[in-house]
Amino acid sequence: MEKITVLGAGSWGTALAMVLAENGHDTLLWSHREDQATEIAQGHTNERYLPNLTLPTTLRATANLQNATAHADIFIVAVPTKAIREVCQQLNDYLTKPALFVPVSKGIEPHTHKRVSEMILESVLPQYVDDVVALSGPSHAEEVVKHHPTTITAACVNLSAAEKVQDLFMNQYFRVYTNEDIIGVEIGGALKNVIALAAGITDGLGYGDNAKAALITRGLAEITRLGVKMGGNPFTFSGLTGMGDLIVTCTSVHSRNWRAGNLLGQGHKQQEVLAQMGMVVEGVRTTQAAYQLAHKYEVVMPITNALYAVLFEDEEPKVEVDKLMMRMKKREIDEMMQE
Ligand SMILES: NC(=O)C1=CN([C@@H]2O[C@H](COP(=O)(O)OP(=O)(O)OC[C@H]3O[C@@H](n4cnc5c(N)ncnc54)[C@H](OP(=O)(O)O)[C@@H]3O)[C@@H](O)[C@H]2O)C=CC1
Ligand SMILES: O=C(CO)COP(=O)(O)O
C-alpha cells in the first residue's frame, strides 16, 4: 500500500483517486476549494464533476496543500495544464524529500511549447523530483468510475518508474501498459484534443461519419508528423495514447473538447461555449501551441491551422472545412510522413 496524493479534484483527479483507493492505497485528494474537499471527505460525493457517484469511504480529501504534500511521496497531478506551474511551485514550500510525479493532464503550453512533464520539472525544485511518469490514454472519467474496461499507458524514459505506476493503478477494469517514449505519449495526448475540437465542429455543422473518419485519420497523420519531428517514436502515435485517445475523444459524448467543438460548429462563439462547459477544454490553448509548433518545426498541419483560424481569427467553421477539402491534390501514403 502506497501513500498517494492526487492534486486536483475535477472529474479526472476524482476518478483516478477512486481507482487508487479501490486498489487499497492510502489516497488523499486535494481540492483548492474548501467546500468541495468537505463534500468529498464527509459526503463521499463530488456532485459538480461526477454527479450521482458515491466515492469509497477510504478516500480522504483536504483543501490544505501543506497536509496534502506531507501525506505522500507520490503525486498524481490532475489540474488543468494552465494551473500546473502554479500548483507545482506551491509544493516547494512543503516538500522535504524526493517524490514521484505522475502528470495526467493533456496539453502543451502556448509560447514555451512545454509538455506537462517538462512544466513539472521546471516548477518543482530538482531535489524533490524522483521521476516523472505521464499517464495517458483513452479514458473518460465518467466510464472509469463505472468500472468500464479502460486501457491507459504509463510513460517514462525510466521503465522501472513507469512499471511502478503501472502497479499502482492496474486492476480488473483499469489495464495499464508502459512506454518509454514520454515525448510521443504526451504529444499524442495533447494534440488529440485539437482534432477532437475539429471533429465536434463538423458534427455541429451537421456533417456525418465520413467527415469524422477523415478528421481522425488525417488528424493522426499531422499529429504523427509533428510528434516525430519533436522526438516521438512513430509507433507511439498508433498506440493507446495516439490513435486510441484520438478515437475516444473524437467520438464520445463525454469529451469536453468534442462537446465544445460541437457548439462552435452550431454557431456559438468561443467565450460563450467555454463559459457553458464549466470544465476545462484543453484543446483551445493546445491549438495555439500546436499552430506555433507547426511553424517552428516546419510541419504542415492543415487541420490545426483551420482550427486556429476558427478559434483565434474568427473565421467561419464551414469556410475552413471547404478550404481543407479544396487543398492542393496530394498522394496519401507518401505524404503521410513528409508533407
Ligand atoms: N475528464 C477526463 O475524463 C480526463 C481528463 N484528462 C485531463 O485531466 C486534466 C484535468 O481534467 P478534468 O479533471 O477533466 O478537468 P475538470 O475541469 O473536471 O477539473 C479541473 C479541476 O482542477 C481544478 N483547478 C483549476 N485550476 C486550479 C488551480 N489553479 N489550482 C488548483 N486547482 C485548480 C478545478 O477547480 P475548480 O472546480 O475550482 O475549477 C477542478 O477541480 C486535463 O488536462 C484533461 O485533459 C485526462 C484524461 C481523462
Ligand atoms: O482525454 C480524455 C479522454 O481520454 C478526455 O478528453 P476531454 O478533455 O475532451 O473530455
Exercise. Between K192 and D245, is there a donor-acceptor pair closer than 3.5 Å when you use the side chain of the first and the backbone of the second?
Worked result: no

Exercise. For F235, does the CZ atom sit with more than 12 other heavy atoms under 6.0 Å from it, leaving out its own atoms?
Worked result: no

For this session: Report yes or no: do M119 and V102 belong to one cluster of Ile/Leu/Val/Met/Phe/Trp/Tyr joined by side chain heavy-atom distances under 4.5 Å?
Result: no

For this session: For residues C156 and V133, report the shortest heavy-atom separation together with the two atoms involved.
Result: CB-CG2, 3.8 Å

For this session: For atom CD of Q172, decide whether the heavy atoms of other residues, nucleotides or ligands shown that lie under 6.0 angstrom number more than 12.
Result: no

For this session: Check the pair K146, E143 against salt bridge (charged side-chain N to carboxylate O under 4.0 Å, His left out), reporting the backbone distance first and the verdict last.
Result: CA-CA 5 Å; K146 288 185 185 159; E143 296 188 3; over 6 Å; no

Problem set entry | Donor-acceptor contact present, side-chain T202 to main-chain Y207, <3.5 Å | no

For this session: Take K269 and D314 through the test salt bridge (charged side-chain N to carboxylate O under 4.0 Å, His left out) and record every step on the way to the result.
Result: CA-CA 9 Å; K269 288 293 163 205; D314 213 23; 3.7 Å; yes

For this session: From the options K114, R85, R285, Q288, select the one residue that forms a side chain to side chain donor-acceptor pair (under 3.5 Å) with E109.
Result: R85

Exercise. Between N92 and S123, is there a donor-acceptor pair closer than 3.5 Å when you use the side chain of the first and the backbone of the second?
Worked result: yes

Exercise. Under 3.5 Å, side chain of R60 to main-chain N/O of A41, donor-acceptor pair present?
Worked result: no

For this session: On the 0 to 90° scale, with breaks at 30° and 60°, tag the Y308-Y291 ring pair as parallel, tilted or perpendicular.
Result: parallel

Exercise. Ignoring hydrogens and geometry, is there a side-chain-to-backbone donor-acceptor pair from H44 to T54 under 3.5 Å?
Worked result: no

Problem set entry | Under 3.5 Å: donor-acceptor pair, side chain of T58, backbone of P56 | no

Problem set entry | Single-linkage hydrophobic cluster I120~I182, side-chain heavy atoms < 4.5 angstrom | no

Exercise. Are V165 and L20 joined in one hydrophobic group, where the rule is that I, L, V, M, F, W and Y side chains link up if heavy atoms are under 4.5 Å apart?
Worked result: yes

